[in-house]
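Notes for the one structure printed next.
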Protein chains: 2
Amino acid sequence: MTSLPAAAARAARSDAARNRGRLLDAAAGLIAERGSDVDVREIARRAEVGMGTLYRHFPTKEALLDAALEHVFTSWATAATASLTGRAWPDLSRFLADALTRQTASPGLLDAYCQALPGQAGNTARQHCRQQVGPLIAELVRAAHESGELRPDITAEDVSLLLVALGRIAPVVPEPAWRRILHVSLDGLRTTAATPLPGA
Amino acid sequence: MTSLPAAAARAARSDAARNRGRLLDAAAGLIAERGSDVDVREIARRAEVGMGTLYRHFPTKEALLDAALEHVFTSWATAATASLTGRAWPDLSRFLADALTRQTASPGLLDAYCQALPGQAGNTARQHCRQQVGPLIAELVRAAHESGELRPDITAEDVSLLLVALGRIAPVVPEPAWRRILHVSLDGLRTTAATPLPGA
DNA sequence: ACCCTACCGGAGCGGCTGCTCCGTTTCGGT
DNA sequence: ACCGAAACGGAGCAGCCGCTCCGGTAGGGT
């Protein structure tokens, strides 16, 4: 008992790792398409895997969704970081617009982010979602404060919350509609006054 | 066949009307507490009524929720109209704040409103929700335009959408947090520049 | 006081969901 | 080639859901 290694040896079998990856991909795809309430059978079917396989790799459906979301949020944070230009305000507004576009294509994405809001019941499982994107938002806010374009009384938490709010409507209305609301919100965040709206 | 009256005679039995009211109250209460996905058994239990009674009065669960929501939205619109002062901007911002407070107490309320957004699938059933509050928002927007405090490029649809977005986060964060976001949004809607935030 | 009728209640049906169990297959070290 | 451990698949279980069905009950006109 005392001699067993802390972590099991490297994947003893190749198909195990492959199937684990397929499950994560399938789960991520289905979450994106239909939100967080997916049928486990459908995940298994899309991954071309049996139910037993699914529940060997992940103790519960929640754990699988959680692992899949971690991948999604990590890649989001990576892509968002890569597209920074160093100009504070354009970076911030583009980050928000891109996040909402992403949310339009994957209605269930910010759904998960919302579940990680502080004070939510059972939030521990989804905390990593915020941990992926949270620091990035904090940095964007800090830079925008420094450049003087973001009103100083706005916190990263405010921006995060605003993103979640807009993310809840972005998938259910036509794109020009949510872009207008985003524009208004950005005007509210700016130190200067209002600017002309896009769209009709 | 041709001789049957267009509407059946007045409620032939007293308990029928009473139970109908109880069902509507129970449904409204449960929707408010837990959102739109309620167990019909629980509605019947709270109304102290059997399943058969429920499905005699309403052809489907959806129809019951729909009827209950109509009551809720009507009373909301009535209360909101009653608290108007005639000063355009305070009326508009108070309407929004009151709506969000209401939403905080009843997380499922704007959930239903959201389902009536134009372009949503199967939206016909919930259209009356918008029809209750929609004209009120339109009037508030018109008055605020006239007084010159609301930027002229904002439509009633914009305000309605903003309300839905904020309503989605109001129940899941502490009150000061969503009040800050509302304040920022109102600043974005105003023709003048930003004003100090409430809360910490 | 009577009876017909409309209304009441809740057991039960079919379908869906998360999860388990176990006989079978396959990997990979020897 | 061989073999044991590990992974595979999917039928099946328990519980939940919206909804129906039908024997019993009670309202209200006469």
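Residue numbers start from 1 in every chain, and the chains themselves are labelled A, B, ... in the order their sequence lines are given, proteins ahead of strands. Not measured: the values here are computed from a predicted model. Side chains are part of it too, since the values below use all heavy atoms of this structure and drop only hydrogens, waters and symmetry mates.
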Any B:Leu163 side-chain heavy atom under 4.5 Å of B:Gln103 side chain | no

Using the closest heavy atom to pick a nucleotide of DNA chain D for each, name whichever of B:Val40 or A:Gly52 lands nearer the 5' end.
-> A:Gly52

Starting from [atom2] on [N], measure out to [atom1] on [X] and report it in whole angstrom.
{"X": "A:Ile43", "N": "C:dC16", "atom1": "CD1", "atom2": "P", "value": "17 Å"}
{"X": "B:Arg20", "N": "C:dC8", "atom1": "CZ", "atom2": "C1'", "value": "17 Å"}
{"X": "A:Leu54", "N": "C:dT17", "atom1": "CG", "atom2": "P", "value": "14 Å"}
{"X": "A:Arg56", "N": "D:dA6", "atom1": "CZ", "atom2": "C1'", "value": "8 Å"}
{"X": "A:Glu62", "N": "C:dG18", "atom1": "CD", "atom2": "P", "value": "11 Å"}
{"X": "B:Arg45", "N": "C:dA11", "atom1": "CZ", "atom2": "P", "value": "12 Å"}
{"X": "A:Leu64", "N": "C:dG18", "atom1": "CG", "atom2": "P", "value": "11 Å"}
{"X": "A:Asp37", "N": "D:dC16", "atom1": "CG", "atom2": "P", "value": "18 Å"}

Check whether more than 12 heavy atoms from other residues, nucleotides or ligands sit under 6.0 Å from atom NE2 of B:His145, and answer yes or no.
-> yes

For atom CZ of A:Arg142, is the number of surrounding heavy atoms from other residues, nucleotides or ligands below 6.0 Å larger than 12?
-> yes

Residue [X], side-chain atoms from C-beta onward, closest of [options]:
{"X": "A:Asp15", "options": "D:dT20, D:dA7, D:dG9", "result": "D:dA7"}
{"X": "B:Asp39", "options": "C:dC8, D:dC8, D:dG18", "result": "D:dG18"}
{"X": "A:Lys61", "options": "D:dC8, D:dG27, C:dC19", "result": "C:dC19"}
{"X": "A:Met51", "options": "D:dC19, C:dC8, D:dG10", "result": "D:dG10"}

Measure distances between side-chain N and O atoms of B:Arg13 and base N and O atoms of C:dA6, and say whether any donor-acceptor pair falls under 3.5 Å.
-> yes

Spell out yes or no: do the side chain of A:Arg41 and the base of D:dG12 have one donor N/O and one acceptor N/O closer than 3.5 Å?
-> yes

Please confirm whether the shortest side-chain N or O distance from [X] to OP1 or OP2 of [N] is below 4.0 Å.
{"X": "A:Thr53", "N": "D:dA7", "answer": "no"}
{"X": "A:Asn19", "N": "D:dA7", "answer": "no"}
{"X": "A:His57", "N": "D:dC8", "answer": "yes"}
{"X": "B:Tyr55", "N": "D:dC19", "answer": "yes"}
{"X": "A:Thr60", "N": "C:dG18", "answer": "no"}

Please step through side chain to side chain donor-acceptor pair (under 3.5 Å) for the pair A:Thr85 and A:Asp91, ending with a clear verdict.
-> CA-CA 6 Å; A:Thr85 65; A:Asp91 276 352; 2.9 Å; yes

With distance as the sole criterion, is a donor-acceptor pair present between the side chains of B:Asp158 and B:Thr155 under 3.5 Å?
-> yes

